Amino acid sequence: MSATRAWSLPNRCNQVKGRVWSYLIARTLLDWVEWCRDTGSRLIDDSIDVAAVKRNFIRPEVLEAWPDEVVLGAEWPTELLMSPPISLAVRLENHSVPLTEIDLSAQSELSSSGDVRITLASDVASVQYDIILNKDGMRAQAVDEEATFTTSRNVHLGSDFLTRHCPIVLLGGDGIVSPPGILYRPNRDIPALAREEITPIEWNGIPLNRESRGEDRNPATVQGRSLDELQNDDWDFLIDDDGKGEIADLVALRVQDGTLQIVLVHCKFAHGGTVGARLIDLYELCGQAQKSSVWRRHPENMIRKLLARERHRISKGRATGFEVGNSSDLLRFLGEVPALHIDMTLILAQPGLSQIPFS
């Protein structure tokens with residue numbers, strides 16, 4: 001099916017004329033028909049205030065400098081996130097790893113020169129770059145050491161590669177800055193998180209400053225306790241994907257009534273190992289959640305990345321990430337995904353946040 005869909009407005013909707021576009025892939029003919037029916041019913045619904053809808057349109061804003069706002073994270077541009085070249089690798093301090101094993105993060109505050117500082121990290125090394133934004137657009141500049149990006153045919157300095165494939169920067173308030181420096185932000189007030197959206201669980205016996213289960217699969221960690229919660233349900237696949245470049249710390253998949261249910265759990269230790277209401281405990285988690293939401297639109301690519309990361313784990317002699325299921329079954333399951341509806345849930349596991357004092 002076409003990667004874009006259009007629906008001509010019916011003649012009786014004479015107050016607005018044009019086309020409705022959706023940059024989505026119709027996985028099946030039924031998927032496209034259901035989209036048409038849903039969109040069509042909205043177009044002929046006289047109770048919808050068109051003026052109110054238009055007020056909430058996202059109006060791109062051209063930036064010539066970074067706004068003084070909290071940076072939640074950074075993510076690879078779509079062409080690298082969804083379908084990176086198979087041979088693409090990143091070399092950091094004489095260690096070469098696939099792009100899928102590289103963690104891309106950003107400091108929450110701008111650098112002293114007013115730039116967004118990002119970090120590329122593998123399990124053994126890391127480098128930093130400043131993303132400079134001015135009237136000429138966005139470009140990357142190494143803070144100290146350079147990484148190199150290699151394919152089977154070419155070698156590129158990190159600053160050149162990251163300028164050509166500049167990361168997308170995620171800001172607080174649902175802001176996204178994409179090359180060459182365009183800010184996209186919904187024109188609406190974001191409601192505060194409702195207290196009932198936070199689910200308290202028992203953390204007795206868990207050191208709150210211990211995040212990852214690690215290679216020894218330590219259950220007395222934030223991730224281990226989160227895994228216990230997931231294991232209370234039945235899953236077709238349950239994967240520990242913890243590590244640099246992860247989809248999430250824990251990934252759970254199951255099919256129910258024609259719907260692929262995806263649960264992504266992001267875990268973070270409590271700073272100081274104590275309970276409180278600290279924003280620092282949430283910045284990185286919120287950035288991870290915002291980055292991983294893209295997989296709802298691209299579940300097949302998410303599964304391919306999970307499989308690639310599992311192959312890399314096994315090739316390095318590490319334990320499998322599968323707690324339920326295996327890579328062979330997941331590969332076979334991949335062919336069924338286009339016919340399924342997608343339902344995704346993002347869970348943030350942060351024992352440092354108390355439900356009582358947070359505002």
Side-chain angles (χ1 to χ4, degrees), residues 3-7 9 15-24 39 42 48-82 104-120 128-141 143 159-193 279-280 282-298 346:
T4 60
R5 311 173 192 172
W7 181 287
L9 296 180
Q15 65 269 43
V16 178
K17 294 184 179 180
R19 290 178 180 269
V20 176
W21 294 95
S22 177
Y23 287 89
L24 298 173
T39 305
R42 296 169 189 266
I48 295 177
D49 185 346
V50 177
V53 172
K54 292 175 67 176
R55 282 196 299 271
N56 290 322
F57 281 1
I58 295 177
R59 294 176 173 84
E61 177 185 351
V62 179
L63 301 179
E64 294 187 359
W66 289 109
D68 187 16
E69 299 182 19
V70 172
V71 179
L72 293 182
E75 65 181 25
W76 299 112
T78 303
E79 68 272 14
L80 294 183
L81 185 66
M82 295 297 112
L104 175 62
S105 61
Q107 293 183 2
S108 60
E109 297 181 354
L110 300 180
S111 68
S112 58
S113 56
D115 303 314
V116 169
R117 180 156 295 178
I118 63 172
T119 300
L120 278 64
Q128 291 186 318
Y129 288 86
D130 282 342
I131 304 298
I132 299 169
L133 173 59
N134 53 35
K135 61 182 179 60
D136 297 321
M138 296 167 65
R139 64 181 178 88
Q141 177 177 288
V143 174
S159 51
D160 294 335
F161 186 90
L162 292 172
T163 297
R164 186 177 300 111
H165 302 281
C166 201
I168 297 168
V169 176
L170 311 177
L171 302 178
D174 280 353
I176 296 177
V177 180
S178 297
I182 310 298
L183 171 63
Y184 301 92
R185 173 173 283 151
N187 183 31
R188 64 173 184 267
D189 293 329
I190 301 174
L193 177 66
L279 285 175
I280 193 173
L282 297 176
Y283 280 145
E284 187 173 348
L285 270 178
C286 291
Q288 290 173 339
Q290 190 169 347
K291 287 169 63 173
S292 63
S293 65
V294 70
W295 299 117
R296 186 195 178 282
R297 302 192 301 274
H298 306 280
L346 300 177

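Any value given below was found using the heavy atoms of this structure, including those in side chains, with hydrogens, waters and symmetry copies removed. Just so it is clear, the structure is predicted and the values come from calculations on it, not from any experiment.
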Cut-off 3.5 Å, no hydrogens considered: what does the side-chain donor-acceptor table look like for residues 160-170, sequence neighbours left out?
residue: Thr163; atom: OG1; partner: Ala140; partner atom: N; Å: 2.9
residue: Thr163; atom: OG1; partner: Ser159; partner atom: O; Å: 2.7
residue: His165; atom: ND1; partner: Glu79; partner atom: OE2; Å: 3.0

Could you report the tightest heavy-atom contact between Trp66 and Gly114, atom names first, then the distance?
CD1-O, 3.4 Å
Which pair of heavy atoms, one from Leu110 and one from Asp68, lies closest together, and at what distance?
CD1-CA, 4.3 Å
How far apart are the C-alpha atoms of Val62 and Ile182, what are their side-chain angles, what is the distance that settles it, and do they pass the side-chain contact (heavy atoms from CB on, under 4.5 Å) test?
CA-CA 5 Å; Val62 179; Ile182 310 298; 3.8 Å; yes
Only counting residues at least two apart or in another chain, list the ones meeting side-chain contact (heavy atoms from CB on, under 4.5 Å) with Arg117.
Gln107, Ser111, Gln128, Asp130, Val143
Interatomic distance, Leu346 atom CG to Ser293 atom OG [nearest 0.5 angstrom]
6.5 Å
Report the residue from Asp115, Leu63, Val116 that forms a side-chain contact (heavy atoms from CB on, under 4.5 Å) with Leu133.
Leu63
Where do Val177 and Met138 land on the side-chain contact (heavy atoms from CB on, under 4.5 Å) test, with the steps shown first?
CA-CA 10 Å; Val177 180; Met138 296 167 65; 4.2 Å; yes
Hey, what do you get for CG (Leu285) to CD (Gln290), rounding to the nearest 0.5 Å?
13.0 Å
Which value, rounded to the nearest 0.5 Å, describes the distance between Leu81 atom CG and Lys291 atom NZ?
9.0 Å
For Asp136, is the CG atom crowded, meaning more than 12 foreign heavy atoms sit under 6.0 Å from it?
yes
Distance col, row Ser292:OG vs Glu75:CD, nearest 0.5 angstrom, shows 9.5 Å
Can Leu120 and Leu104 be said to form a side-chain contact (heavy atoms from CB on, under 4.5 Å), step by step?
CA-CA 5 Å; Leu120 278 64; Leu104 175 62; 3.8 Å; yes
